[in-house]
2 protein chains.
Amino acid sequence: MYAEESFKKKRERMLSILAWFRLSRFYNQSIRKSNQHLKLWNITVAQFDVLAQVGSTERLSQQELADKLLVTKGNMTQLLGKLEQLGWIQREREWKTKYITLTDEGRALLDEILPVQEQFQADQFGKLTMEEKKQLLNLLKKIQS
Amino acid sequence: MYAEESFKKKRERMLSILAWFRLSRFYNQSIRKSNQHLKLWNITVAQFDVLAQVGSTERLSQQELADKLLVTKGNMTQLLGKLEQLGWIQREREWKTKYITLTDEGRALLDEILPVQEQFQADQFGKLTMEEKKQLLNLLKKIQS
DNA sequence: CACTTTCAGTTTAATACTAAACTGATAAAA
DNA sequence: TTTTATCAGTTTAGTATTAAACTGAAAGTG
């Protein structure tokens, strides 16, 4: 009885490790490929993610932006510094808070890259059927629930 | 007809983007949590991954190690430099190649951390049933096939 | 044997990212 | 009003990571 359960647990652990390995492999390759094709526009994935987030929402503070993108505010400070320097975003201070908006150049760049990047994402999961994509999404949701 | 297909494609794209967002969120949180509990042993995830890989295989070269862990050889050089300096691994040169093995301290440390880390991985996927874990693994395999 | 190619590992410059300490302004409390 | 808390954003030190150039040894070729 005990031996039975121990064996089952071992199998479960093994499955988890395999799943983790697959997942992180996929993630890392994806980031790498993404950075490669984004080189065309001299922008990185991290920078693009900020642009996309800023471009799709009304007035976000730096902290809110960090929360949405799941990074620290320190990281945000630096990314935004770079993006500001490149002329793609601007910061407007209001009391303690700085609100971020796209400049015209930032908006133009985003409009140009967004469809390409969306297609890239779609291609990444291209081997899955619609049904399987839904399945995957649900499993990922459940993990984090 | 065309409108129909276009709509379907849009839905597929949206699913892909959502899946990607979930996946990267999970990945990043996981790395962060992992680093947090590994602080107890003054080791990082990246360093532990190398130890675990070295400890589970006979004689790997730096390049092979990089391939297994899906990082560049430059990254490997640096990680191994750190691990060597900490006294956990050693490099043995043979012709052009350097082979990596664990030192006794490295082995002891790995033996101590491995079960904890395996349990951590298992817990991460703890909300999934055995069947769902298999499903997830298969979907991830299919994506990359 | 001399010349060239290949290939493991190293170095360098750049970006990304975290944790933790810090700054300075606003808000709350006394 | 003075003091204290809080809280947004910044800074700093450290690790991780890549791409690309470099080094030097080994292998292949003539």
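Within every chain, numbering begins at 1; the chains are lettered A, B, ... in the order of the sequence lines, protein sequences first and strands thereafter.
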Side-chain ion pair, A:Lys73 and A:Glu64, N-O less than 4.0 Å
no
Enter syn or anti for the glycosidic conformation of D:dA5, syn applying to angles within 90° of 0.
syn
Identify the nucleotide, in any strand shown, that forms a Watson-Crick or G-U wobble pair with D:dA5, with both distances under 3.5 Å; if there is none, say none.
none
Are the charged groups of A:Glu92 and A:Lys98 less than 4.0 angstrom apart, N to O?
no
Below 4.5 Å, heavy atoms only, C-beta onward: do B:Tyr27 and A:Trp20 meet side chain to side chain?
yes
Closest to side chain of B:Thr44, choosing from D:dT10, D:dA8, D:dT15:
D:dT15
Checking contacts here: which listed nucleotide (C:dT10, D:dT17, D:dG9) is nearest the side-chain heavy atoms of B:Lys98?
C:dT10
With a 3.5 Å limit on both atom pairs, tell me what C:dT26 is paired to, counting Watson-Crick and G-U wobble, or say none.
none
A:Leu114 backbone acceptor or donor facing A:Gln117 side chain under 3.5 Å
no
For A:Thr77, which contact category applies under a 4.0 Å heavy-atom criterion: base, sugar-phosphate, or nothing?
base
With a 4.0 Å limit, can you tell me whether B:Arg32 has a side-chain N or O closer than that to the phosphate oxygens OP1/OP2 of C:dT18?
yes
Report yes or no: do B:Gln124 and B:Ser30 form a side-chain donor-acceptor pair below 3.5 Å?
yes
Side chain of B:Thr72 - closest among D:dA16, D:dT18, C:dC17
D:dT18
When the distance from CD of B:Gln63 to P of D:dG24 is rounded to whole Å, what number comes out?
20 Å
What's the closest nucleotide to the B:Lys96 side chain, out of C:dT6, C:dA16, C:dA25?
C:dT6
Atom-to-atom span, CD1 of A:Ile100 to C1' of D:dG9 - whole angstrom
10 Å
Side chain of B:Ser61 (C-beta onward), nearest among D:dA25, C:dA25, C:dG9
C:dG9
Of the listed C:dT18, C:dA19, D:dA8, the closest approach to the B:Lys39 side chain comes from C:dA19
Of the listed C:dA16, D:dA8, D:dA25, the closest approach to the A:Lys73 side chain comes from D:dA8
Nearest to the side chain of B:Gln78, which nucleotide is it out of C:dG24, C:dA13, D:dT15?
C:dA13
Roughly how many Å is it from CH2 in B:Trp95 to P in C:dG9, rounded to a whole number?
15 Å
